[in-house]
Amino acid sequence: MKLLRVGAPGRERPAALDPAGRLVDLSGLVSDIDGAFLDGDGIEEVRAAVQGGGLPLADPTARIGAPVARPGKVVCVGLNYFDHAAEVGAKPPAEPVLFLKASNTVVGPNDQVLIPRGSRKTDWEVELAVVIGRTARYLTSPAEALACVAGYTISNDLSEREFQLERGGQWDKGKSCETFNPLGPWLVTPDEVPDPQQLGLRCSINGILRQDGNTKNMIFGVAEIVHYVSQFMVLEPGDVINTGTPAGVALGMPDPKPYLRGGDMIEIEIDGLGRQRQPVGTA
């Protein structure tokens, strides 16, 4: 099933795609697609209602918001593709590299991305995002981890490389600028993603293909990541994990590196999870 949220920022309504591909309004069934909805029988109740038909149609031209209401936290995994680690001259890590991204970076999949003030090195990163549906605390094995996944979606884990790497301190300051985590369009339930390690993911800038990777090339797969993170923090329903990006980011290219500028257009997609399209502006 494909769940989404539509409407103006801060006033999104829950929706889904029915078997005919029509957008149906779920607001008569649930208040929002959030942690409370995901932690329980909400998805199965909605699935039954959507398959049964009779739900009102939603406006297919409405803005699409992030598919999960503001998450409690966004956990990110750095350097998680062999080819990306190689392109930036880094040794593949022995354990997942974790950092947190401010939850208010999350915006809709087609919302405008803003270049931060003073930025010279804003970069793109197409990523598979995992949305947590059950509390994950000290999981005993990677096999147990997938049962905690509510679904998958697309993330653009935007980064300001100067802020991240050249200004001292931790990576967070280059990762948490406003609009730096477009998410969506859909939250796709695991029954439609039989193997999260067999998904092609691509990013184009101004029509030029920059990233063309596959999740099979992750250093640490989804199950291993969820299990690993649960050893260090409690994952709660509605939390998001960005699982890393393949090669093709501006940071890994020869000088002059083609970092994002106002007026650019970002287009990213992952097999079965939809597409994003973000115009680039300035803060």
Side-chain angles (χ1 to χ4, degrees), residues 66 74-93 96-129 154-183 201-213 217-219 240-270 276-283:
V74 179
V75 183
C76 302
V77 185
L79 298 172
N80 195 35
Y81 282 72
F82 288 103
D83 56 359
H84 174 55
E87 75 173 343
V88 299
K91 182 180 179 180
V97 175
L98 302 182
F99 60 94
L100 295 176
K101 194 165 195 169
S103 60
N104 65 357
T105 60
V106 174
V107 295
N110 304 316
D111 289 348
Q112 186 181 51
V113 163
L114 298 177
I115 302 292
R117 295 180 185 180
S119 168
R120 298 181 300 166
K121 298 181 179 181
T122 294
D123 207 347
W124 58 83
E125 295 188 33
V126 58
E127 304 200 8
L128 173 66
I154 304 172
S155 175
N156 186 357
D157 178 23
L158 290 142
S159 308
E160 212 298 336
R161 302 301 191 184
E162 181 182 3
F163 298 175
Q164 176 190 359
L165 302 172
E166 303 173 32
R167 298 287 296 272
Q170 299 180 338
W171 286 6
D172 300 50
K173 69 176 70 172
K175 294 285 190 171
S176 289
C177 306
E178 61 180 333
T179 74
F180 263 30
N181 206 129
L183 197 67
L201 59 175
R202 293 162 291 278
C203 175
S204 296
I205 308 298
N206 300 326
I208 300 172
L209 182 64
R210 296 297 193 183
Q211 293 182 276
D212 187 7
N217 295 319
M218 284 184 182
I219 299 171
V240 172
I241 302 177
N242 291 340
T243 59
T245 198
V249 298
L251 177 65
M253 296 181 184
D255 292 327
K257 302 180 191 300
Y259 288 114
L260 293 168
R261 297 289 182 265
D264 287 345
M265 181 64 69
I266 308 169
E267 296 176 281
I268 65 178
E269 63 180 351
I270 297 181
Q276 298 185 356
R277 190 172 190 269
Q278 298 122 23
V280 179
T282 56

Interatomic spacing from CG in Asn110 to CD in Gln278 - rounded to 0.5 Å
7.0 Å

Please enumerate all residues that pass side chain to side chain donor-acceptor pair (under 3.5 Å) together with Gln170, with sequence neighbours excluded.
none

Evaluation steps, salt bridge (Lys or Arg N to Asp or Glu O under 4.0 Å), between Arg210 and Glu87
CA-CA 13 Å; Arg210 296 297 193 183; Glu87 75 173 343; over 6 Å; no

Donor-acceptor pairs under 3.5 Å, side chain of residues 240-247 to any protein atom, not counting sequence neighbours: which ones?
{"from": "Asn242", "atom 1": "OD1", "to": "Ser155", "atom 2": "OG", "distance (Å)": "3.0"}
{"from": "Asn242", "atom 1": "ND2", "to": "Ser155", "atom 2": "OG", "distance (Å)": "3.4"}
{"from": "Asn242", "atom 1": "ND2", "to": "Asn181", "atom 2": "OD1", "distance (Å)": "2.9"}
{"from": "Thr243", "atom 1": "OG1", "to": "Leu128", "atom 2": "O", "distance (Å)": "2.6"}
{"from": "Thr245", "atom 1": "OG1", "to": "Val126", "atom 2": "N", "distance (Å)": "3.4"}
{"from": "Thr245", "atom 1": "OG1", "to": "Val126", "atom 2": "O", "distance (Å)": "2.8"}
{"from": "Thr245", "atom 1": "OG1", "to": "Gln211", "atom 2": "NE2", "distance (Å)": "2.7"}

Just wondering, do Cys203 and Glu267 contact through their side chains at under 4.5 Å, heavy atoms?
no

What residue among Val113, Leu251, Ile205 forms side-chain contact (heavy atoms from CB on, under 4.5 Å) with Trp124?
Ile205

Rounded to the nearest 0.5 angstrom, the CD-CD1 distance for Gln276 and Ile270 is 8.0 Å

Do Glu166 and Lys121 sit within salt-bridge range, that is, some charged N less than 4.0 Å from a carboxylate O?
yes

Quick one: are Cys177 and Leu158 in side-chain contact, heavy atoms under 4.5 Å?
no

Heavy atoms only: give me the nearest Ser159-Glu125 pair and the separation to one decimal.
OG-OE2, 2.7 Å

Can you name the side chain to side chain donor-acceptor pair (under 3.5 Å) partners of Asn206, sequence neighbours left out?
Asp264

Considering all heavy atoms of both residues, which atom of Ala283 and which atom of Leu114 are nearest to each other, and what is their separation?
N-CB, 4.1 Å

Can you name the residues that form a ring pair (Phe, Tyr, Trp, His ring centres under 6.0 Å) with Phe99, not counting sequence neighbours?
Trp171

Are Pro116 and Thr122 close enough that some pair of their side-chain heavy atoms sits under 4.5 Å apart?
yes

Looking at Pro258 and Met253, what are the two nearest heavy atoms and their distance?
CG-SD, 3.4 Å

Is any side-chain heavy atom of Glu269 closer than 4.5 Å to a side-chain heavy atom of Arg277?
no

Could you check whether Asn156 and Glu127, counting side-chain N and O atoms only, form a donor-acceptor pair closer than 3.5 Å?
no

Could you grab the distance from atom CD of Glu160 to atom OG of Ser119, nearest 0.5 Å is fine?
3.5 Å

With side chain to side chain contact (heavy atoms under 4.5 Å, CB included) as the criterion, how do Leu79 and Ile219 come out once you've worked through the C-alpha distance, each side chain's angles and the decisive distance to 0.1 Å?
CA-CA 8 Å; Leu79 298 172; Ile219 299 171; 5.6 Å; no

Less than 4.0 Å between a side-chain N and a carboxylate O, is that true for Lys101 and Asp172?
no

Flag the pair Ile115 / Arg261 as yes when at least one side-chain heavy-atom distance between them is below 4.5 Å, and no otherwise.
no

Student check: side-chain heavy atoms of Arg161 and Tyr259 closer than 4.5 Å
yes

Tell me every residue that passes side-chain contact (heavy atoms from CB on, under 4.5 Å) with Arg120, counting only those two or more places apart in sequence or in another chain.
Glu162

Any donor-acceptor pair under 3.5 Å from Thr282 side chain to Gly262 backbone:
no

Less than 4.5 Å apart, any side-chain heavy atom of Pro93 and any of Val97?
yes

Let's go through Val77 and Leu98 carefully: what are the C-alpha distance in whole Å and the side-chain angles of both, what is the deciding distance for side chain to side chain contact (heavy atoms under 4.5 Å, CB included) to 0.1 Å, and is it a yes or a no?
CA-CA 5 Å; Val77 185; Leu98 302 182; 4.0 Å; yes

What do the steps show when you test Ile268 against Leu201 for side chain to side chain contact (heavy atoms under 4.5 Å, CB included), and what is the final call?
CA-CA 8 Å; Ile268 65 178; Leu201 59 175; over 6 Å; no

Give, for atom CG of Leu183 and atom CG of Asp111, the distance between the pair rounded to the nearest 0.5 Å.
11.0 Å

Once side chain to side chain donor-acceptor pair (under 3.5 Å) is applied, do any residues pair with Glu178, and if so which ones, sequence neighbours excluded?
none

Using side-chain heavy atoms (C-beta onward) and a distance below 4.5 Å, is His84 in contact with Val249?
yes

Under 3.5 Å: donor-acceptor pair, side chain of Thr105, backbone of Ala102:
yes

OH of Tyr81 to CG of Asn217, rounded to nearest 0.5 Å, is 8.0 Å

Rounded to the nearest 0.5 Å, how far does NZ of Lys173 lie from CG of Leu165?
11.0 Å

